Every structure is written in C-alpha cells, then in structure tokens.
Visitor: 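Quick one: this structure, given as structure tokens, is what I'll be asking you about.
Because the structure is predicted, anything quoted here is derived from the model rather than measured. To find a chain, count down the sequence lines: A is the first, B the second, and so on, and within it residues start at 1. Computation of the quantities below employed the complete heavy-atom set of this structure, encompassing side-chain atoms and omitting hydrogens, waters and symmetry-equivalent molecules.
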Number of protein chains: 2
Amino acid sequence: MLTHTEENYIKTIYHLSGDANRDVSTNGISEVLKTKPASVTDMLRKLSEKSYIHYIKYQGVTLTKKGKKEALQIIRKHRLWEVFLVDKLKFHWDEVHEIAEQLEHIHSNLLISRLDEFLGNPAFDPHGDPIPDPQGEITIRKKYLLCDMAVGFNGVVVGMLETSPAFLQYLDRLNICPGAKISIKERIVFDGSLEILLQEDKQLVISYEVAKNLYVSD
Amino acid sequence: MLTHTEENYIKTIYHLSGDANRDVSTNGISEVLKTKPASVTDMLRKLSEKSYIHYIKYQGVTLTKKGKKEALQIIRKHRLWEVFLVDKLKFHWDEVHEIAEQLEHIHSNLLISRLDEFLGNPAFDPHGDPIPDPQGEITIRKKYLLCDMAVGFNGVVVGMLETSPAFLQYLDRLNICPGAKISIKERIVFDGSLEILLQEDKQLVISYEVAKNLYVSD
DNA sequence: ATATTTTTTTAGACTATTCTAAAATCTTAT
DNA sequence: ATAAGATTTTAGAATAGTCTAAAAAAATAT
Ligand SMILES: [Mn+2]
Ligand SMILES: [Mn+2]
Ligand SMILES: [Mn+2]
Ligand SMILES: [Mn+2]
C-alpha cells in the first residue's frame, strides 16, 4: 500500500505529465510539492523501484501503466470528496481543495463506491474537472475559452484558466461559477467585452479579460 | 499541530484512562496500539515534552487538561464520521470503525462543524457512545445491562459489553442494534432468558447470555 | 567548441517512528 | 527481607522522508 507521500508524488507526476504522458522534470515536481529537488530524486528512485514510474537519471519521469492507474484512483477520490464538500456540506467551490487534499488519502474502496452512489455518480467535480470512473476512465469534455465563442453561443461554465484568488473572488461577485449557464447576447467590438445572459435570467457585461479566462462547454 | 501517530496515542490514553483519569501503563498502551513497550516509552517522553500528558518514569501516565481536550476533539471527529458512514452511506454499524480511524485525523474545524450540522447535530454515535460537543463536553447517559432490568422495562439499546464478531453477527440476525427499542415482557426463571418486544412490533426470546451483554437506557 | 548556467544527482545529516536486546526498576511471593 | 518475575526504560539500529552542500551532467550562449 502506498503512503500519503508516495500518493502525492504520483498524483503530481500525473498532473504535470498531462494526457500526452510527457516527461516530467525533477525541478517541476519539487516546485509543486514544495520540496527540494534532492528529495524528489530520492523519491523517484523509490517509485521506480516499485515500478510506478519509468525513470532514467537526468532524463525525466513518466508514469507506468500501474502508476497511471494509481494516479487516477487518487484523483477520483479527490474529486468525489470535493463534490461532497460542495453539494452536501455547502462549501464554496474555491475552498475545498485543501480538505480534499487530505481526504483523497483515505483508504477504502467500499467507502468510495458508497460515496459515489450517495452523490449520484457525478461526472464532474465542482471545478468542472472530470471524475475518473472506478476503472480510471475519464469523460473528456471539449472546452473552449468564452472569448473565442460567437454571439448566440449557449453553454455552461466548466472551469477557469486563471485561478488567482482575485479572479475567483470577482467571478463569485458576478455569480459566475462552474456549472453556471451562459449565453452570449452581444459582443462589443470596441473592447471585446461581452453582453451575456447568466443562468437564463441575469443579464450582465463582462470584460474581454474575464472572457479570456473562462472555459465553457456546450 | 499533532501528527497522526501522536493523535492515536493521546486517544488511546484517554480511552484507557476513563472518566476517573486513572494512571495508564506503558504495556497497556502498547497492547492497544500494537507497538512494543519501548516505542511507547519514546512517545511518552515526547508527549510529556509537549505537555499533553503527566508522565513520571515507571509511574504511568495521565492526560493533562490540554491532552484531554485534544483527545475529546479526536473522539468527536471519529464518532461524527461514524454517524456519517452509517446514516448517509448505509454502512452497517459494525463495519465503520476502521474507516473512522482514518477519517478522525483529517484537520479542519470548519469541516467538522459543517459535518455536524449536516448530520443534524447527533448526540450519540452508531454504537451508542456519546459525541463530545465542540467544547469537548459529553452527555453522559446512564446505561444498564438488560439482564438487570425488571419485567415491564421499556428502553433503547445503547451498546454492547461483549464485542466479538460472533456476538455482533448474532445480534444482527435478531435485528438488535444500537437505537433499537426494547421492552421486557417476561422473564423465564428457569434459565434467565427474556421474552422481549423489539421495535414495538417483533416479539422474541433472548438468552440470559445475550441479555447479560446488552446495554440499555431509558 | 568551449565556457557558463541550469538541472539533476550524490553524500551526509536530521527528525519521526519503530524495533530488538539489555539494563533498571518495581511488584509479588516466599 | 530477599529472590523471582513482571514491567518499564535505555541503548543502539532501521526505515521513511526531508534537508544542505557539493559534484556531475545537460543545456545554452558565445
Ligand atoms: Mn494529498
Ligand atoms: Mn477539483
Ligand atoms: Mn486513528
Ligand atoms: Mn463508535
């Protein structure tokens, strides 16, 4: 069974590696996990030993099949707990990450399948990210930046490009959150700002700067 | 902030120490936690250093005020999670302990207060044990062994003396679980067995052996 | 092609938790 | 009161994870 720490490394490698399974660097991992590169090297040797990663000195890492499977299970747990926190415990979607970071390490398959059922088998987490199924399969949903959509577009907010607290708080003030319905009424040519209809009832104008950082899907 | 391990030691000392705050022995702790006495001694020195316990070499341990407060918070979390698992995720009351053992270490006061609210501020866990309030206060509910009650008694199952799987499984088969309503209809003098009415609708006979291991409250 | 900079690894050390084996202390039974 | 037995502590070592400082390798810029 993996330790807390090993799980965090594997998850980080998955996130840095992306769909294309790109090589991940020692420094990259150390930045995300806030450890020193020397510590990362130690852990890489260990995870390689246990065959969770492909690792050749000085050449970067990728996950093995086994490692990727493990990563997807951790991500599944993380995102299911996030749904629980937001849907059931009324947390705001931008304050659940830290707690889910702890909950994702609870070991019990039965717990997770019961939680999944309790939540109604959600496909996406509160940030619009897909929740892997028990086999680790993920539904990929095409997403676009709102600024690239035409007048008349009709869809749903599925995430943000920029994730600074300042931006998230501003979105919150506008009542824009993942899952919110959006349609584009008009585009102001002068500054690229958009007149939108939110949740089919609120009309408002958002700047190009905002539209450039909002992912939507139809 | 306490580590996982320190929390387990403090909780164990609390449980062994009881209401009367009795001295707890090194061997006692080592048995519960399945570590060697030498490891316990090491941890006792550390917890004493951090003033969670009163510890004098060769003389046993008790919790300080600070230690007791900490213990009650951990127990509060443990029991609230147990309620969640049983009430919301449909776990059986005898299969939640191990998972709660992990969940009790999640650090977030906000999470616990939200969970408490979500569960309807329960006063007792699925095993009939009291849940400390946010200040660490516990409602003590007088409990008696069913075998000591008179014919005509009317109350609720609040726990078991014996906790072997064999006994719990048998109770399960009889549909007797914490929270179940019980009244005594008749006592058979010959063998001490009891004719009882369960949940106000099922009549059955239980042996003296069973009645001797069931805690009830009125 | 060589020098400089950046990245990565190694070497050695520290903290947390655990262990085994041996010594110290306490308890109990003559 | 003392010997035997049980409990507890110490000493020394292991593993997991982290760190700093220094060496090695790779990337980049003349
Ligand atoms: Mn984590
Ligand atoms: Mn998320
Ligand atoms: Mn625990
Ligand atoms: Mn319980």
Side-chain angles (χ1 to χ4, degrees), chain A residues 1-18 22-63 67 70-71 74 101-102 104-107, chain B residues 1-18 22-63 67 70-71 74 101-102 104-107:
Chain A
M1 190 133 64
L2 291 163
T3 65
H4 199 110
T5 313
E6 290 168 329
E7 288 187 346
N8 283 336
Y9 273 93
I10 287 173
K11 194 181 56 150
T12 300
I13 294 167
Y14 179 86
H15 280 134
L16 290 172
S17 196
R22 286 185 302 277
D23 270 13
V24 170
S25 73
T26 300
N27 274 4
I29 298 169
S30 94
E31 262 173 53
V32 174
L33 292 176
K34 291 162 199 321
T35 58
K36 299 294 163 181
S39 309
V40 175
T41 301
D42 286 342
M43 182 56 88
L44 293 183
R45 200 177 314 102
K46 190 165 72 143
L47 291 176
S48 177
E49 195 63 48
K50 297 191 181 184
S51 65
Y52 286 101
I53 59 174
H54 296 295
Y55 170 55
I56 303 168
K57 278 206 290 191
Y58 294 105
Q59 286 190 203
V61 232
T62 56
L63 290 173
E70 201 59 56
I74 302 163
E101 203 57 45
Q102 297 178 61
E104 71 189 358
H105 303 292
I106 304 292
H107 291 131
Chain B
M1 192 134 60
L2 290 163
T3 67
H4 199 109
T5 312
E6 290 169 328
E7 288 186 346
N8 283 336
Y9 273 93
I10 288 174
K11 192 180 58 150
T12 300
I13 295 167
Y14 179 87
H15 281 134
L16 291 172
S17 196
R22 285 185 303 278
D23 270 12
V24 170
S25 75
T26 300
N27 275 2
I29 297 168
S30 94
E31 263 172 54
V32 174
L33 292 177
K34 291 161 197 330
T35 58
K36 299 293 165 185
S39 308
V40 175
T41 301
D42 286 343
M43 183 56 89
L44 294 183
R45 200 176 315 102
K46 192 166 70 145
L47 291 176
S48 176
E49 194 63 47
K50 296 190 181 184
S51 65
Y52 287 101
I53 59 175
H54 296 296
Y55 171 55
I56 302 167
K57 278 208 287 189
Y58 293 104
Q59 286 190 202
V61 231
T62 56
L63 290 174
E70 200 60 54
I74 301 163
E101 205 55 46
Q102 296 178 61
E104 71 189 359
H105 303 291
I106 303 291
H107 292 130

Visitor: Can you identify which nucleotide, out of C:dC19, D:dT10, C:dT7, has its nearest atom closest to the B:Arg45 side chain?
Guide: D:dT10

Visitor: Which nucleotide in the set D:dT18, D:dA11, C:dT18 lies at the smallest distance from any side-chain heavy atom of B:Ala38?
Guide: D:dA11

Visitor: Is B:Ser39 touching bases, backbone alone, or none of the nucleic acid, heavy atoms closer than 4.0 Å?
Guide: base

Visitor: How many angstroms lie between atom CD1 of A:Ile29 and atom NZ of A:Lys34, to the nearest 0.5 angstrom?
Guide: 14.5 Å

Visitor: Once you round it to whole Å, what is the distance between P of C:dT15 and CE of B:Met43?
Guide: 16 Å

Visitor: Could you check whether A:Glu70 pairs with A:Lys11 (Lys NZ or Arg NE/NH1/NH2 to Asp/Glu carboxylate O, under 4.0 Å)?
Guide: no

Visitor: By nearest heavy atom, map B:Gln59 and A:Pro37 onto DNA chain D; which one lands nearer the 5' end?
Guide: B:Gln59

Visitor: Can you tell me how far C1' of C:dT18 sits from CG of B:Leu44, to the nearest Å?
Guide: 14 Å

Visitor: Side chain of B:Asp42, heavy atoms from C-beta onward: which of D:dT9, C:dC19, D:dT20 has the nearest atom to it?
Guide: C:dC19

Visitor: Which nucleotide in the set D:dT9, D:dC19, C:dT8 lies at the smallest distance from any side-chain heavy atom of B:Thr41?
Guide: D:dT9

Visitor: Does A:Thr3 have a side-chain nitrogen or oxygen under 4.0 Å from the phosphate oxygens OP1 or OP2 of D:dA16?
Guide: no

Visitor: For A:Thr35, answer base if it contacts any base atom (sugar-phosphate contacts may also be present), sugar-phosphate if it contacts only those atoms, and nothing otherwise; contact means non-hydrogen atoms under 4.0 Å.
Guide: sugar-phosphate

Visitor: For the residue pair A:Glu7 / A:His107, report whether a side-chain donor-acceptor contact shorter than 3.5 Å exists.
Guide: yes

Visitor: Could you give the NE2-to-P distance, from B:His4 to C:dT18, as a whole number of Å?
Guide: 10 Å

Visitor: Take atom CD1 of A:Ile29 and atom C1' of C:dT9, then tell me their distance rounded to the nearest Å.
Guide: 14 Å

Visitor: Between P on C:dT9 and CG on A:Leu47, what's the gap in Å once rounded to a whole number?
Guide: 13 Å

Visitor: Would you say D:dA26 has OP1 or OP2 under 4.0 Å from some side-chain N or O of A:Lys57?
Guide: no

Visitor: Quick check against the 3.5 Å criterion: does B:Ser25 have a side-chain atom that pairs as donor or acceptor with the backbone of B:Gly28?
Guide: yes

Visitor: Of the listed nucleotides (C:dT10, D:dA25, C:dT18), which one gets closest to any side-chain atom of B:Tyr9?
Guide: C:dT18

Visitor: For C:dT6, does either OP1 or OP2 sit under 4.0 Å from a side-chain N or O belonging to A:Tyr58?
Guide: no

Visitor: Can you identify which nucleotide, out of C:dT8, D:dT20, D:dT8, has its nearest atom closest to the A:Ser25 side chain?
Guide: C:dT8

Visitor: Write down the distance between CD (B:Glu31) and P (D:dT8), rounded to a whole number of angstrom.
Guide: 10 Å

Visitor: Looking at D:dT8, I'd like to know if its phosphate oxygens (OP1 or OP2) sit under 4.0 Å from a side-chain N or O belonging to B:Asn27.
Guide: yes

Visitor: Can you measure B:Leu2 atom CG to C:dA16 atom P for me and round it to whole angstrom units?
Guide: 13 Å

Visitor: Are A:Tyr9 and A:Ile53 close enough that some pair of their side-chain heavy atoms sits under 4.5 Å apart?
Guide: no

